[in-house]
Each structure stands twice: as C-alpha cells, then as structure tokens.
Protein chains: 2
Amino acid sequence: MKSAAKNQDFIQNISYDSVIFGFNGSQLKILILEYHNTEYFALPGGFVKMDESLDDAVKKGVSQRTGLEDIYLEQFYTFGSLERSDPGVMDKILTENNLDMEKYGWMLGRFLSIGYYALINYEEVSLKPDELSDSINWYSIDELPPLMMNHKEMVKKALEVLRNNLDRKIVGMNLLPHKFTMKQLQQVYEAILGEKLRRTTFQRKMLSMEILVRHEKLFQGKAHKAPYLYSFK
Amino acid sequence: MKSAAKNQDFIQNISYDSVIFGFNGSQLKILILEYHNTEYFALPGGFVKMDESLDDAVKKGVSQRTGLEDIYLEQFYTFGSLERSDPGVMDKILTENNLDMEKYGWMLGRFLSIGYYALINYEEVSLKPDELSDSINWYSIDELPPLMMNHKEMVKKALEVLRNNLDRKIVGMNLLPHKFTMKQLQQVYEAILGEKLRRTTFQRKMLSMEILVRHEKLFQGKAHKAPYLYSFK
DNA sequence: CAATTATTGTCTCATTTTGTTACAATAATG
DNA sequence: CATTATTGTAACAAAATGAGACAATAATTG
C-alpha cells in the first residue's frame with residue numbers, strides 16, 4: 001500500500017490510495033501491488049509530507065510507479081472508518097520486510113485515507129514496484145485478487161465516481177492514445193459502464209458534442225471500410 | 001471554525017468543515033459562525049478523535065450546533081493545499097479567546113480538511129454557537145460574509161456537488177417539512193440550481209418519477225385553487 | 001351570490017433527443 | 001470482380017422535453 005517512509009516528516013495518520021485505471025483495448029484495468037513474502041495485494045498508496053500539498057503527494061506517488069508525468073487525477077472519496085485500519089496487516093508487511101518497528105511502527109496506527117483515481121495511457125507506462133513490493137501489475141477490474149484492508153471498497157467507489165463523471169468530464173482522452181477510432185472510444189465507454197452501447201447512437205452523440213477532430217483514415221488491412229481516426233479538440 | 005479541543009486525543013493535522021444547507025421557503029442558506037472579538041466568519045468545523053470514525057465526528061459536530069439528530073450528510077471533498085492553512089488567523093482566534101498556546105498551539109499547524117455538506121430542515125434547528133464563537137447564523141448563499149481560510153471555496157465546491165447530485169439523490173426530502181406543495185419543491189430545486197424552472201415540466205417530471213405520495217389539499221386562504229400536499233415515498 | 005382573481009393540475013401540440021433499422025460506401029480477399 | 005465485414009450516415013419511430021392553453025377552484029368583492 002505505501003511507499004516506505006524514512007522519517008517523521010509525514011503527516012501522521014493520513015495516507016492516500018490510488019486507483020490507477022488503464023485500458024488495454026478491451027478491458028478496464030487497474031494497477032495492484034503485491035508485497036514481499038506476503039499474500040497481500042494492495043492499491044498503490046503513500047503518505048503526505050508536512051510541507052507538500054495532498055495533490056502533489058499523490059501525483060508524485062503515481063508518477064513514481066508508472067513513470068508518467070502530467071497524470072490525470074481526480075479525488076474521489078476520503079475513507080475514515082475505524083474498521084479500515086488493520087494493524088495486523090501492516091505488522092506482517094513490516095516484519096517480512098525486516099523493517100525496524102521503532103522507525104516504522106507509526107504505520108500500524110489508524111489512518112484516514114484519501115482516494116484518488118488516475119486515468120493513464122496503458123501503452124506508455126513503465127511499471128516500478130516500490131521498496132516494499134514484489135510486483136506491480138495490471139488487473140482487470142472484474143478479476144481482482146483479494147485486496148487488503150478496505151481496498152476493494154475503494155475500487156468500487158472509484159468506479160462509481162468515474163461512471164458518474166463520464167457524462168460531465170472527458171474521460172476517453174486520458175485512457176486512449178492521441179488518435180483513436182470511434183470504435184475504440186466506444187469500447188472505453190463500454191468498459192467503464194460495464195454495458196454495451198448502441199453503435200449508431202454513440203457515434204451520433206460523440207460527433208454532436210463537437211469535442212472531436214476527425215483525421216485521416218486508419219487502414220487496418222482488413223476486408224472492410226477503414227474507420228476515421230479522431231482526437232480530442 | 002473548530003470546536004475547542006481540550007487534549008491531544010485528536011488526530012493531528014486533520015479537521016472537517018461542514019456546509020449546512022437549509023431552505024427558508026425561498027432562499028438556500030448555510031450556517032456561519034463568528035468568532036469572539038474577531039472579524040472572522042467560518043464554517044462550522046471540528047476535529048476527529050483517534051477512536052472515532054470521520055463520519056461520526058462530523059455527525060456529532062453538526063448535531064451539537066443544530067440540535068438535530070439523524071442528519072443527512074454527504075462528504076464532498078478533501079482540501080489538502082498548503083495555502084489553505086493560515087496560522088495567523090488561528091493565532092488571533094486563540095489569543096482573543098485567551099487560550100493557552102501550550103495547550104492549543106497545535107491548532108496553528110497545517111490541516112487537511114474534509115468537507116461535508118448537510119441538508120436540514122430550517123424550521124427545526126435550535127442553533128448553538130460553540131465555545132469560541134459569538135454567534136451561529138443563517139446566511140443566504142449569495143450574501144455570505146467574508147469567510148476565513150478557503151471556506152468560500154469550500155462552499156462553492158459543496159454547492160457544485162449538491163447540484164450534480166440533484167438528479168441522482170433525493171434532495172428535497174431533507175430540506176422541506178414532511179408534507180409540502182409542488183411549488184415548494186420546485187423552489188428548493190430553483191434555489192439550488194440558481195435558475196428558474198418551467199412549472200409544468202417540473203411537475204410532470206416529479207410525478208413521473210413516482211417518488212411522491214399525494215395527500216390532502218392545503219387551503220392557504222388565498223383566492224385560488226388549493227394545491228395538493230405531497231410527501232416522499 | 002355572481003363576477004373576479006390568482007394559482008393549480010392537466011392536456012395538447014411542437015420540438016428535441018434518443019432508439020432502431022436500413023443501406024450505401026469501402027478496403028481487403030480470393 | 002463478387003464476397004466479406006465494418007463503417008458512416010440517413011431515415012423513421014418512439015420517448016422526453018418545451019411551451020401554451022385551458023378548465024377547475026378557493027377566496028374576495030361588489
């Protein structure tokens with residue numbers, strides 16, 4: 001869940017967790033970490049320094065794990081229940097990583113965690129696990145491993161907010177390459193909403209919003225009409 | 001902004017602020033505190049105890065100021081910028097209240113603040129200022145006094161989220177008495193959206209949603225047809 | 001007590017948006 | 001050059017919304 005922290009210039013009892021969405025062409029995926037020598041899977045998260053804004057802290061954490069800059073981030077909820085903090089889990093993670101309890105014991109306490117989701121271009125990432133983690137990998141949102149703490153709830157909430165934002169914010173831009181076909185755009189919407197959309201209605205809607213620029217055709221070497229490429233205005 | 005805190009069993013560097021909406025029949029209003037011997041106006045806020053959930057902390061704070069229970073609350077955003085914390089302001093508030101810096105100095109630090117909005121029945125409140133405040137009063141959302149810190153931004157954000165929720169959540173229920181006329185309901189919507197709505201379209205829409213129960217007529221002693229009373233299902 | 005007044009509930013028709021089907025255009029393929 | 005799969009758009013149907021019109025109806029007034 002968290003990048004290792006060396007000292008106490010972090011705000012106590014506060015963390016953030018990020019749901020990093022990517023789209024592989026057909027499925028919506030998120031990034032999940034697995035911790036050394038444990039069976040714990042978790043969202044990428046971290047802490048906020050005393051002299052750093054919350055937004056900056058999250059931006060830094062997501063950048064480090066993905067190798068990307070200029071990341072599209074939205075805060076979606078702050079989780080403040082008592083049950084979500086489970087000292088046993090963090091204890092095991094610290095122990096298995098041979099981390100000094102003197103120095104890292106504060107991680108066992110109770111945390112409020114601010115959830116952010118990121119929308120990134122699946123193709124462009126170069127994934128880097130943090131110090132406590134074996135791996136960071138893409139998982140389809142409907143085939144997630146068991147997640148620690150309340151991270152499953154967090155993913156659910158992130159997805160809800162993303163869906164609600166779908167008609168008010170331009171979401172496709174961040175999940176697709178610069179140029180894309182109408183079909184790809186539709187597939188992003190379908191993956192987020194979890195339902196099929198009508199092709200002609202979707203196309204008419206998108207074109208009528210006047211947010212797209214039409215470019216050259218994309219010849220895919222298939223035995224049918226080539227689709228146009230589009231980008232966002 | 002905050003209820004006075006006696007000791008250190010609060011989570012450090014975390015606060016909440018509440019935008020408490022009420023409807024007086026024609027205007028949307030919110031509750032604002034004014035501090036003793038200062039010109040500072042602020043949203044009702046507070047801190048979160050180590051062994052208490054965030055939701056409970058907010059619920060308690062809003063209950064104390066309004067005398068209400070079972071309050072409708074929605075978390076709308078967490079504010080984590082560096083600029084929002086202004087030690088000068090808290091310093092003056094503490095000084096004017098003759099509060100010991102040893103004991104209360106922690107309030108001068110940097111805070112992340114979680115914003116909640118409440119929807120309450122304007123008629124039913126019995127307002128109680130907290131220990132640091134002279135007064136707690138209703139202000140129309142477009143005639144607010146100058147607010148401290150980033151509280152104006154908070155109000156703006158709360159209103160944005162409330163507007164976005166208007167078509168997904170049933171908002172009128174919490175701002176109106178149990179039984180109300182269609183006109184009153186429309187006025188709530190108009191006050192929140194800040195625009196006039198078409199009477200016939202609004203009525204048709206509300207009735208078609210099948211969330212209302214129609215009751216007896218309300219005879220207002222006026223020279224015209226009496227409207228029906230409704231309540232939410 | 002009939003005419004007046006303001007407001008309410010509902011109907012109708014126009015307009016806009018969305019659902020659905022149809023069909024022509026077009027890049028390969030064989 | 002006919003076949004195939006997919007794309008772009010037109011056409012029509014159905015549903016939702018906009019905009020008026022109008023009858024019903026509680027007082028009030030002369």
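Letters A, B, ... mirror the listed sequences (proteins, then strands); counts begin at 1.
Residue whose closest nucleotide on DNA chain C sits further toward the 5' end, between B:Pro227 and A:Lys225: B:Pro227. Mapped onto DNA chain C by nearest heavy atom, A:Lys217 and A:Arg204 fall at different nucleotides, with A:Arg204 at the one closer to the 5' end. Comparing A:His224 and A:Thr200 by the nucleotide of DNA chain D whose heavy atom lies nearest to each, the residue mapping closer to the 5' end is A:His224. Residue-to-nucleotide proximity on DNA chain D shows that, of A:Ala223 and A:Lys183, the 5′-proximal contact is made by A:Ala223.
Among the atoms of the strands shown, only primed sugar atoms or phosphate atoms (P, OP1, OP2) are found under 4.0 Å from some heavy atom of A:Leu207. Counting non-hydrogen atoms under 4.0 angstrom, B:Thr181 reaches nothing in the nucleic acid.
Contacts between chain A and DNA chain C, taken as any atom within less than 4.0 angstrom of a protein heavy atom, begin and end at C:dT18 to C:dT29.
When every heavy atom of A:Ala226 is checked against every heavy atom of A:Phe219, the shortest pair comes out as CB-CD2, 3.8 Å. Closest approach of B:Ala118 to B:Ile71, counting heavy atoms only: CB-CG2, 3.9 Å.
Taking a 6.0 Å sphere around NZ of B:Lys29, one finds it holds more than 12 heavy atoms contributed by other residues, nucleotides or ligands.
Within the structure, every side-chain polar atom (N or O) of B:Lys205 is placed at least 4.0 Å from both OP1 and OP2 of D:dA16.
With D:dT9, D:dA27, D:dA19 as the choices, the nucleotide that has an atom nearest any side-chain atom of A:Arg214 turns out to be D:dT9.
When each of A:Lys196, A:Lys183, A:Arg199 is paired with A:Glu190, the salt bridge (Lys or Arg N to Asp or Glu O under 4.0 Å) condition holds for A:Lys196 and for no other.
Following rounding to the nearest Å, B:Gln203 (CD) and D:dG20 (C1') show an atom-to-atom distance of 15 Å.
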